[in-house]
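Have a look at the structure below, then the notes.
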2 protein chains.
Amino acid sequence: MQITSKFTIAIHIITAIDYFRDSETVTSKFLAGSVGANPVIVRNVMGDLKNAGIIDVSRGKSGIDLAKKLEDITFYDVYKAVDCVSGEGLFHFHEQPNMECPVGRNIHRVLDEELLGVQDAMEARMKKVRLSDIVNKARREIIKETT
Amino acid sequence: MQITSKFTIAIHIITAIDYFRDSETVTSKFLAGSVGANPVIVRNVMGDLKNAGIIDVSRGKSGIDLAKKLEDITFYDVYKAVDCVSGEGLFHFHEQPNMECPVGRNIHRVLDEELLGVQDAMEARMKKVRLSDIVNKARREIIKETT
DNA sequence: TTATCCTGTAATAATTTTTATTACATGTTG
DNA sequence: CAACATGTAATAAAAATTATTACAGGATAA
């Protein structure tokens with residue numbers, strides 16, 4: 001299993017919004033072209049990012065913009081915004097342990113604490129990555145191409 | 001997305017093997033009963049654990065046993081054994097970023113390093129959880145039930 | 001204000017991944 | 001040899017992810 005591509009799509013979108021802010025009118029169609037996915041997928045991710053207060057979107061010809069400074073957006077914010085692990089947690093627990101069995105009826109409670117610890121460690125790391133790091137790095141890479 | 005239930009099944013299996021070691025002949029069918037999954041699923045997980053040197057399995061009536069001490073088995077060992085994230089990494093990258101677009105053709109390279117950092121943090125945490133912790137806790141919970 | 005463009009969202013379908021099932025060959029024990 | 005278990009392939013069922021179509025409704029500009 002893997003974490004949905006909605007996450008990398010969201011990061012891609014934010015990067016593109018910033019990068020093309022001055023040169024293009026950024027729409028879901030434009031972004032879909034850059035991402036290589038369907039415009040509706042992009043609009044759904046845009047909706048998530050909008051609800052999370054990360055981007056500003058309005059209808060009509062206005063275009064899309066960032067609602068926060070890149071320094072103030074972390075991987076974690078985006079991960080939460082697109083709801084990568086829903087309410088279920090990072091680990092999918094097998095659904096029907098046998099309640100007649102002493103191991104079966106206790107394993108869930110026993111494991112949950114440790115599983116959550118692992119998830120917490122991942123999320124803590126995500127809080128340390130800022131979108132400004134990503135965008136800066138992308139700009140450097142793009143400049144490097146032309147030399 | 002979530003990490004496959006093969007992982008929690010594997011932990012469940014190891015716990016049950018240890019718990020029932022003295023009182024039952026532990027077979028894939030027996031384990032499948034405790035886990036609440038198909039015996040073939042259990043046998044596949046058993047195969048993974050066997051290949052990783054975590055359990056000993058033999059055909060015929062011999063039963064299943066642990067190949068290592070519980071203190072020497074970590075979440076990470078099990079996670080690697082059942083190949084939770086295959087070769088692809090924890091994050092599923094959208095597959096077709098547009099190579100005509102400066103953002104599109106650089107985003108993968110730019111993100112990969114940070115995504116790997118997150119994955120590493122998760123795996124590092126998994127290396128700290130020992131199966132002995134789990135089994136001990138399970139035994140305590142089971143004893144608590146009877147009081 | 002009206003034509004145009006774009007977002008929001010529902011409904012549906014296609015694809016991929018997980019999980020389950022059936023079947024049987026092979027090895028082991030007594 | 002008989003009884004039982006694992007190993008594994010082939011297949012199917014179920015669930016999750018991603019894509020597509022369609023259209024209502026807000027925003028903009030002439």
Side-chain angles (χ1 to χ4, degrees), chain A residues 1-10 12-13 17 24-33 35-52 54-65 67 82-97, chain B residues 1-10 12-13 17 20 24-33 35-52 55-65 67 82-97:
Chain A
M1 87 64 254
Q2 293 182 299
I3 288 176
T4 324
S5 60
K6 279 176 74 176
F7 178 73
T8 58
I9 290 174
H12 185 144
I13 285 175
I17 291 172
E24 306 277 348
T25 302
V26 177
T27 66
S28 66
K29 192 177 168 191
F30 175 82
L31 290 171
V35 168
N38 191 283
V40 178
I41 303 289
V42 171
R43 290 210 286 272
N44 280 324
V45 173
M46 277 164 49
D48 291 337
L49 294 175
K50 180 184 182 182
N51 289 335
I54 294 173
I55 65 176
D56 280 325
V57 184
S58 52
R59 300 186 180 189
K61 295 186 176 178
S62 43
I64 305 163
D65 207 349
V82 300
D83 194 31
C84 284
V85 299
S86 55
E88 313 287 311
L90 179 59
F91 294 88
H92 181 11
F93 214 101
H94 51 292
E95 325 246 335
Q96 322 203 325
Chain B
M1 87 64 251
Q2 293 182 299
I3 289 176
T4 327
S5 60
K6 279 176 74 177
F7 177 73
T8 56
I9 290 174
H12 185 144
I13 285 176
I17 291 172
F20 292 108
E24 306 278 346
T25 301
V26 178
T27 66
S28 66
K29 192 177 167 192
F30 175 83
L31 291 171
V35 168
N38 191 284
V40 177
I41 304 288
V42 171
R43 290 210 285 271
N44 280 326
V45 174
M46 277 164 49
D48 291 338
L49 294 175
K50 180 185 180 180
N51 288 336
I55 65 176
D56 280 324
V57 184
S58 52
R59 299 186 182 193
K61 296 186 176 177
S62 43
I64 304 163
D65 207 350
V82 300
D83 195 29
C84 285
V85 298
S86 57
E88 313 285 313
L90 179 59
F91 293 89
H92 180 10
F93 214 102
H94 51 291
E95 325 246 332
Q96 320 203 325

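So that the names make sense, note that chain A is the first sequence line, chain B the second, and so on, each numbered from 1.
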Rounded distance (Å) that lies between atom P of C:dA20 and atom CD of A:Glu95: 9 Å
Between C:dG8 (P) and A:Asp56 (CG): distance, integer Å: 11 Å
Shortest side-chain distance from B:Ile41, nucleotide among C:dT9, D:dT6, C:dT21: C:dT21
Any B:Lys50 side-chain nitrogen or oxygen under 4.0 Å from OP1 or OP2 of D:dT6: no
Between C:dT7 (C1') and A:Asp48 (CG): distance, integer Å: 14 Å
Nucleotide of D:dT6, C:dA20, C:dT7 approaching A:Val57 most closely (side-chain heavy atoms): C:dT7
Value in whole Å for how far the P atom of C:dG8 lies from CG of A:Asn51: 9 Å
Integer-rounded Å distance: D:dT17 C1' and B:Phe91 CZ: 17 Å
Listed nucleotide nearest any side-chain atom of A:Thr27, set D:dT18, C:dG8, C:dC6: C:dC6
Proximity to the side chain of B:Thr4 - top-ranked nucleotide from C:dG8, C:dT19, D:dG7: C:dT19
Phosphate OP1/OP2 of D:dT17 contacted by A:Ser5 side-chain N/O (<4.0 Å): no
Given D:dT18, C:dA23, D:dG7, the nucleotide with the shortest approach to the side chain of B:Val40: C:dA23
Length of the NE2-P vector between A:His94 and D:dA14, whole Å: 21 Å
Residue-phosphate contact under 4.0 Å: B:Ser28 side-chain N/O, D:dT6 OP1/OP2: yes
Whether B:His94 and A:His12 hold their rings parallel, tilted or perpendicular, with breakpoints at 30° and 60°: tilted
Within-4.5 Å side-chain heavy-atom neighbours: B:Thr4 and A:His92: no
Value in whole Å for how far the P atom of D:dT18 lies from CD of B:Gln96: 13 Å
Most 5' of B:His92 and B:Gly36 on DNA chain C, judged by nearest nucleotide: B:His92
Toward the 5' end of DNA chain D, by each residue's nearest nucleotide, A:Asn44 or B:Arg43: B:Arg43
Contact check, side chains of A:Val40 and A:Val42, non-hydrogen atoms, under 4.5 Å: no
Side chain to side chain, A:Leu31 and A:Ile64, heavy atoms closer than 4.5 Å: yes
Which nucleotide in C:dT22, C:dT7, C:dT19 has an atom nearest any side-chain atom of B:Asn38: C:dT22
Side-chain heavy atoms of B:Asp65 within contact of B:Ile55, under 4.5 Å: no
Atom-pair distance (CG on B:Leu49; C1' on D:dT6), nearest Å: 14 Å
